[in-house]
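To start, the structure itself, in structure tokens.
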There are 2 protein chains.
Amino acid sequence: MARNGELRRQILEQARSLLLDEGYAQVSMRKIAAAVGCTPTSIYLYFDSKDALFHSLVEEGMGRLHEQLAVVVERHADPEEQFCRLCRSYLEFGLENPEFYEIMFLLHPEQLQRFPTDKYRKARRNLQLFADILTEVRGTEPDFDPLLGATVVWSLLHGAISLQLAKRVDARLATSDFIDQVVEHAVRMLQL
Amino acid sequence: MARNGELRRQILEQARSLLLDEGYAQVSMRKIAAAVGCTPTSIYLYFDSKDALFHSLVEEGMGRLHEQLAVVVERHADPEEQFCRLCRSYLEFGLENPEFYEIMFLLHPEQLQRFPTDKYRKARRNLQLFADILTEVRGTEPDFDPLLGATVVWSLLHGAISLQLAKRVDARLATSDFIDQVVEHAVRMLQL
DNA sequence: ATTCTTGGTTAACGACGTTAACTTTACAGT
DNA sequence: ACTGTAAAGTTAACGTCGTTAACCAAGAAT
């Protein structure tokens with residue numbers, strides 16, 4: 001049919017499409033193959049396993065997220081403004097790309113093998129964006145660890161997205177109010 | 001349908017045991033049946049589906065968690081102390097019962113059907129423990145919603161557990177430091 | 001004594017990830 | 001032109017999964 005990586009490209013494309021349409025759990029190698037128009041076996045010519053295939057998508061997602069966050073940092077000068085927008089942007093990414101967010105951060109080692117350490121570096125850049133601002137604002141304080149602070153903020157944002165996506169947040173709470181409060185609480189990391 | 005039987009008890013017991021030993025993804029109806037010493041089909045005499053079976057375990061987990069949290073509230077009088085301990089206790093539960101926490105809060109609707117709404121009420125009691133303290137401390141402020149505040153704190157705690165269980169937290173950060181910082185940031189919800 | 005009910009089984013369906021073995025295609029060396 | 005070989009894809013299968021239809025054994029009720 002197609003040569004030199006063309007099929008590989010199609011597989012990734014259809015996998016992403018199916019992921020967005022139906023969610024990770026509903027995507028099977030057989031469905032991807034059917035969508036592409038090849039046999040399930042052919043996928044194994046380009047990817048070692050289902051995990052490996054989705055790790056490629058994770059990598060793409062990490063790239064998208066970083067790009068989105070990096071733009072925010074560039075566009076604003078004031079650290080507090082940057083931090084605030086960074087939080088909002090992260091939340092937005094998670095809530096608007098639930099399937100991507102799922103394979104990137106929500107699936108556990110039992111479901112999807114942990115992301116290879118080398119590629120994990122890329123993921124850490126996102127955390128570093130938060131840490132950098134914290135360093136800028138609170139770097140002088142001796143007992144403050146920016147990486148630790150960033151991880152705490154990340155926990156808050158990640159938790160908010162997780163609960164929201166899992167529909168565990170009380171329905172009486174308006175999503176926008178919830179987001180606002182999460183961001184408001186996150187930026188407190190800049191104070192004191 | 002739910003009948004009262006010895007076999008039902010054994011099924012739940014072995015399911016829990018397998019869950020603790022191997023994690024949700026590795027537990028199959030066949031394995032449970034083998035551990036109990038019956039056929040996979042027999043499980044369907046007592047549970048409508050795999051989801052239903054695990055929902056029973058979720059219910060049990062919710063009970064355990066609530067018990068653990070309720071004790072903390074009883075044992076301390078000072079609201080701030082209560083809140084702080086509540087956070088620590090929640091984190092402790094998540095980190096020390098990863099498989100329970102997984103089925104209770106981490107699995108998404110695609111993997112495990114959402115917990116039935118009626119039983120979900122029980123789960124909400126836990127959130128209410130946080131909300132009650134917030135009401136006690138900040139109830140007078142007109143623009144403060146305790147339920148919303150509790151949900152934000154829950155997001156932080158839940159996110160911290162999720163990231164820790166998924167091994168996404170930077171290895172250079174000591175777990176105890178991370179926990180301390182999370183709690184410290186959580187109790188800020190009591191201020192201002 | 002015969003029917004009904006309870007509590008279990010056997011065997012199977014369709015779907016899954018993955019693999020071994022085979023075929024087809026393309027092309028390089030003689 | 002002919003052959004050897006490597007790449008690209010296929011067919012068929014293995015062992016797993018959740019779940020269901022059909023059957024069966026034994027006790028209770030009539």
Every protein N/O lying under 3.5 Å from an N/O of nucleotides 15-20 of chain D:
residue	atom	partner	partner atom	Å
dC17(D)	OP1	Ser28(B)	OG	2.9
dG18(D)	OP1	Met29(B)	N	3.3
dG18(D)	OP1	Lys50(B)	NZ	3.0
dG18(D)	OP2	Met29(B)	N	2.8
dG18(D)	N7	Arg30(B)	NH1	2.4
dG18(D)	O6	Arg30(B)	NH2	2.9
dT19(D)	OP2	Tyr44(B)	OH	2.6
dT19(D)	OP2	Lys50(B)	N	2.8
dT19(D)	O5'	Tyr44(B)	OH	3.1

- Message: Rounded to whole Å, how long is the line connecting atom CD of Glu6(B) with atom P of dG8(C)?
- Response: 10 Å
- Message: Could you check whether any side-chain N or O of Lys31(A) sits under 3.5 Å from a backbone N or O of Gln26(A), counting only pairs where one atom can act as donor and the other as acceptor?
- Response: yes
- Message: Here's a test for you: under side chain to side chain contact (heavy atoms under 4.5 Å, CB included), which of Glu60(A), Gln68(A), Met62(A) qualifies with Arg64(A)?
- Response: Glu60(A)
- Check whether any side-chain heavy atom of Leu127(A) sits under 4.5 Å from a side-chain heavy atom of Arg168(B), and report yes or no. no
- Query: Do the rings of Phe105(B) and Tyr90(B) sit parallel, tilted or perpendicular, given the 30° and 60° boundaries?
  - Reply: tilted
- Message: Distance check needed: dG9(D) C1' versus Ile43(A) CD1, whole Å only.
- Response: 12 Å
- Check whether any side-chain N or O of Tyr46(B) sits under 4.0 Å from OP1 or OP2 of dG8(C), and answer yes or no. yes
- Could you give the CG-to-C1' distance, from Leu45(B) to dT5(C), as a whole number of Å? 13 Å
- Message: Does anything in residues 57-89 of chain B form a ring pair (Phe, Tyr, Trp, His ring centres under 6.0 Å)? List the pairs, not counting sequence neighbours.
- Response: Phe83(B)-Phe130(B)
- Query: Whole Å only: how far is the CG atom of Leu7(B) from the P atom of dT6(C)?
  - Reply: 16 Å
- What distance separates Ile161(B) CD1 from Ser162(A) OG, expressed to the nearest 0.5 Å? 11.0 Å
- Query: Rounding to a whole Å, what distance do you find between Tyr24(A):OH and dC16(C):C1'?
  - Reply: 12 Å
- Task: Taking atom types as modelled, find out whether Gln181(B) and Asp177(B) have a side-chain donor-acceptor pair closer than 3.5 angstrom.
- Result: no
- Message: So if I take the C1' atoms of five pairs at each end of the helix from dA1(C)-dT30(D) to dT30(C)-dA1(D) and get each local axis, what angle do the two axes make, rounded to 10 degrees?
- Response: 30°
- Query: Between the main-chain N or O of Thr151(B) and the side-chain N or O of Ser155(B), is there a donor-acceptor pair closer than 3.5 Å?
  - Reply: yes
